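Worksheet: the structure to be examined is printed underneath.
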Amino acid sequence: MRFFFHNFLILALTAGSGGFALGADALNERDVSALSVTKVQNTARKLAFSDMPWDDLRAKVDPSTVLLDGIPESVYETECIPAIKDGLNATALTSEAGAPAMPGYDYVLKLDTPSGVCMMNSVCALKNCGLDASDEDATVGEKISTSWVELMEYYDFSMFDQSNNPNYDLPSTVLFPQNAGDVVAAINFAKEHSLEVSVKNSGHSFTASSTKKDTLHLNMREFEKFSSIGIVECSDEQDAVMEDDLSNQPCKVALARNKPAVVHVAGGEDWSDVFASVKNFESPQGNKYHAVGGAAGSVSPQGWTWQGGLGGTSGGRKYGFGVDHVVQIEMVLPSGLHVLFGPTSWEDADGFVYPRTTKVSGVCKDETGTWGPCQDDVNFEDLWFAQRGGLGGTWGVVVSMHLQLMEQLPFNFVIWPCSVDGSAQKKALIEFIVNLMVDPSAIGLNEDDSLGCGSPDEISSKICYGEGVGEKVVTAWMSFIVDRNQTLHNDGGLSYEQINEFADCAISNDLVEDYAELVTIPPPGPYAGKIQSTGMDVGLTGNNAEQYIILPKKWMIANKDKAVSLLAGARSYHAFGGPNTSDQLNTLSEAHRGGGIMYIASYNMKPFDQEVDAETFYSEWLPEMYDFTDSDNFPGYLGSNHASSATLGPLKSDWTKPCPMNWTEAEREEKCISLQEAIFGTKLLKRLEGIKETIDPNYMFDCNRCVGNTRAMSKPNDEETAPPSEDSGCQGPFSTATVTVLASLLVGWMVL
Ligand SMILES: *[C@@H]1O[C@H](CO)[C@@H](O)[C@H](O)[C@H]1NC(C)=O
Ligand SMILES: *[C@@H]1O[C@H](CO)[C@@H](O)[C@H](O)[C@H]1NC(C)=O
Ligand SMILES: *[C@@H]1O[C@H](CO)[C@@H](O)[C@H](O)[C@H]1NC(C)=O
Ligand SMILES: *[C@@H]1O[C@H](CO)[C@@H](O)[C@H](O)[C@H]1NC(C)=O
């Protein structure tokens with residue numbers, strides 16, 4: 001049993017986190033450069049970063065708010081690496097022993113390392129997660145495999161040794177804001193001195209978007225928390241008019257979506273905090289309400305949500321992506337304005353679950369601390385659109401948001417704990433899961449049961465919500481195998497005994513009441529009681545050599561054999577395929593909305609035994625999935641969850657060829673579609689870049705691989721006049737690069 005549980009943990013751990021951030025080249029050949037270069041030069045700062053009058057900022061923030069300056073880069077070696085090593089060791093030891101790994105060490109990294117500059121994905125402390133590192137001739141593939149071997153096999157962290165590697169991208173000044181006023185003070189200070197700002201909630205970024213040298217870094221871990229006292233039941237607001245200060249606006253939106261309650265979540269909270277608040281609300285039994293969130297407890301709702309939000313463990317297929325759950329946002333904009341905004345008018349929309357947003361209104365906080373009309377003109381529609389799906393870290397600092405809550409449904413954990421060694425068994429399981437995700441009637445289940453089930457990158461377990469849904473899945477599985485009895489026997493070469501065992505393999509477990517209970521860190525240890533999270537930090541490895549390609553649901557249904565053969569040889573992510581929960585004013589790509597399953601492909605597709613070669617896949621199958629006919633409009637098809645620095649789109653000159661891993665980073669960035677464009681597609685990215693120019697004309701926020709960051713490519717080389725730009729931090733919870741490593745470590749016992 002522990003082995004199944006362990007299997008599940010892996011799932012949980014590697015799951016849903018994620019953020020990611022965007023990349024470096026979408027725009028370099030486009031039209032932005034002249035304009036933004038000029039603006040950037042105009043704001044070049046006068047003083048060196050280390051000579052800034054930091055005491056002026058100290059005087060403006062809360063007296064107990066900490067501002068560290070002059071943090072040396074060596075802090076990464078003295079403070080972060082030991083924590084990472086311990087985590088690797090603990091993970092390796094516990095997984096050898098067969099016990100649940102994951103002591104919660106990433107909470108240590110996030111919460112207990114004094115400087116606030118550690119990164120969950122260790123190599124993302126280096127510029128562009130190590131891809132820009134010293135050896136310019138090395139190919140990206142070589143860089144990835146070297147760091148993999150060093151970190152994982154030899155525990156060799158010499159790449160972080162300053163004498164070997166001067167490529168740190170760490171801020172030397174870190175503010176730990178405790179409230180929105182501190183953030184306003186920091187932004188105004190940055191504005192006055194033309195500084196760049198970077199932001200970190202959890203530091204899970206796979207693209208280094210939450211760290212950046214020579215920025216004023218805001219580490220949000222000391223920020224006040226709201227969720228434990230921030231749950232509001234909305235029924236009283238049913239007939240109320242919308243208040244001008246938007247105080248009841250979150251409930252008005254929730255009610256318009258038939259949701260009973262909302263939760264107020266602060267910038268620095270993590271999913272472990274929020275799930276605990278929701279679970280413990282009101283009744284001693286808890287579990288009155290349910291939040292859709294990430295799978296890894298240390299991930300922050302902020303970064304997770306702003307890059308889309310895959311709810312594989314929390315009913316996201318049924319209720320919508322993370323972006324669809326936000327009903328109000330509170331931010332500090334690059335202008336220094338402290339704003340609160342959300343939909344104030346909407347209409348029912350055919351074919352959509354939630355109403356279409358027709359108007360977004362906002363208010364500003366004045367010096368007396370009162371919310372009222374804004375003096376400046378702010379385009380709240382654009383902000384609402386861009387922030388929800390356009391990634392954290394680039395639009396300003398989100399200090400809080402309100403999320404809608406659902407009624408809690410019964411929780412079932414379905415697992416296939418038998419070993420699936422033959423390809424006949426493997427394919428049967430995949431075929432069943434493909435049907436469960438995109439065509440449930442083919443296995444005798446209804447749409448609603450199907451939507452209740454999902455998972456992160458795990459085939460052989462599903463978290464299902466709804467009365468009796470787990471049992472229904474188990475029953476459907478049995479009849480599925482009974483139906484294939486003769487085929488599995490005659491063509492698959494399985495004995496009847498094997499087939500009978502296989503038919504009994506699925507188990508539905510409803511012993512725990514919710515996801516949090518399933519994956520709580522056991523005592524002892526300082527993080528006992530929190531939700532499990534990433535178990536190890538693997539650096540520039542697995543995720544960086546992969547692309548997260550969203551397979552359209554329609555394509556999967558029409559091409560089930562192809563889908564099965566692809567997924568039989570790869571990991572895949574099961575948080576897609578639900579009804580359209582868009583409010584039609586957000587940035588989540590059409591690929592996400594129309595997705596069936598996210599396929600996790602290595603570039604050359606070699607490590608796994610797919611029955612299609614890379615060339616056929618990219619040149620024949622992908623063009624069946626996405627429209628490549630308009631050469632001015634690349635159709636985004638990559639998932640943003642876990643997208644990493646090394647993920648780029650295909651060749652600019654030929655979309656049917658993946659970006660070679662045996663090129664250098666410089667060559668790849670020059671010749672391949674940027675990560676941003678590969679996620680959003682050309683049109684959506686252009687619109688976002690336009691909004692970025694308006695909201696943040698001086699690029700105070702300029703995080704690596706974030707929207708607008710590509711424009712950095714066209715900046716002047718002259719570092720003296722080049723300004724407060726470079727790269728900065730995205731907010732967020734990006735998750736860990738853990739996945740591939742875990743997958744490979746666990747291959748021996750994983751069901752697939
Ligand atoms: C891991 O643990 C083993 C056994 O306790 C120890 O010998 C080794 O030095 C540790 N490695 C690291 C990198 O901490
Ligand atoms: C498969 O068929 C064999 C032979 O008829 C039978 O003994 C066995 O119980 C069947 N198994 C399943 C799962 O249907
Ligand atoms: C869902 O709605 C959005 C509009 O926000 C649209 O772009 C997308 O194509 C729709 N997707 C599906 C699968 O209906
Ligand atoms: C790079 O990889 C491609 C595809 O695998 C291969 O055809 C090519 O020969 C490689 N180039 C070099 C320089 O190794």
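In listed order, ligands and their atoms are each counted from 1. On a predicted model such as this, the values are computed, not experimentally measured, just so you know.
- Taking any N or O of Tyr496, backbone or side chain, none lies under 3.5 Å from an N or O belonging to ligand 2.
- Near Asn662, meaning under 4.0 Å from one of its heavy atoms, ligand 4 places the atoms 1 (C), 2 (O), 3 (C), 8 (C), 10 (C), 11 (N), 12 (C), 14 (O).
- Ring orientation note: the planes of His642 and Tyr548 are nearly perpendicular, at an angle over 60° on the 30°/60° scale.
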Does ligand 3 have any N/O pairs with the protein under 3.5 Å, and how far apart?
residue  : atom   : partner : partner atom : Å
ligand 3 : 2 (O)  : Asn580  : OD1          : 3.3
ligand 3 : 2 (O)  : Asn580  : ND2          : 2.4
ligand 3 : 5 (O)  : Ser582  : OG           : 2.8
ligand 3 : 11 (N) : Asn580  : ND2          : 2.9
ligand 3 : 14 (O) : Asn580  : ND2          : 2.9

Atom pairs and distances, donor-acceptor, side-chain atoms in residues 433-443, under 3.5 Å, two or more places apart:
residue : atom : partner : partner atom : Å
Asn435  : OD1  : Lys560  : NZ           : 2.7
Asn435  : ND2  : Glu431  : O            : 3.1
Asp439  : OD2  : Lys560  : NZ           : 2.6

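- For ligand 2, the atoms closer than 4.0 angstrom to any heavy atom of Val482 are 13 (C), 14 (O).
- Numbered from 1 in the order shown, with element, the atoms of ligand 2 that lie under 4.0 Å from a heavy atom of Gln486 read 2 (O).
- We find that Lys318 and Asp448 are joined by a salt bridge, their nearest charged nitrogen and carboxylate oxygen being less than 4.0 Å apart.
- In this pair, Phe321 and His592 present their aromatic rings perpendicular. The plane angle is above 60°, beyond the 30 to 60° band.
- Both tests pass for Arg484 against the ring of Phe480: distance under 6.0 Å to the centre and angle within 45° of the axis.
- Salt-bridge annotation for Glu624 and Lys562: present, with a side-chain N of the basic residue lying under 4.0 Å from a carboxylate O of the acidic one.
- The shortest separation from a heavy atom of Ile481 to ligand 2 is not under 4.0 Å, leaving the residue out of contact.
- We find the OG1-CD distance between Thr305 and Gln387 to be 9.5 Å, quoted to the nearest 0.5 Å.
- At least one donor-acceptor pair closer than 3.5 Å links the side chain of Asn412 to the backbone N or O of Gly466.
- Using a 4.0 Å cut-off between a side-chain N of Lys or Arg and a carboxylate O of Asp or Glu, Arg593 and Asp324 qualify as a salt bridge.
- Between His489 and ligand 2 there is no heavy-atom distance shorter than 4.0 Å.
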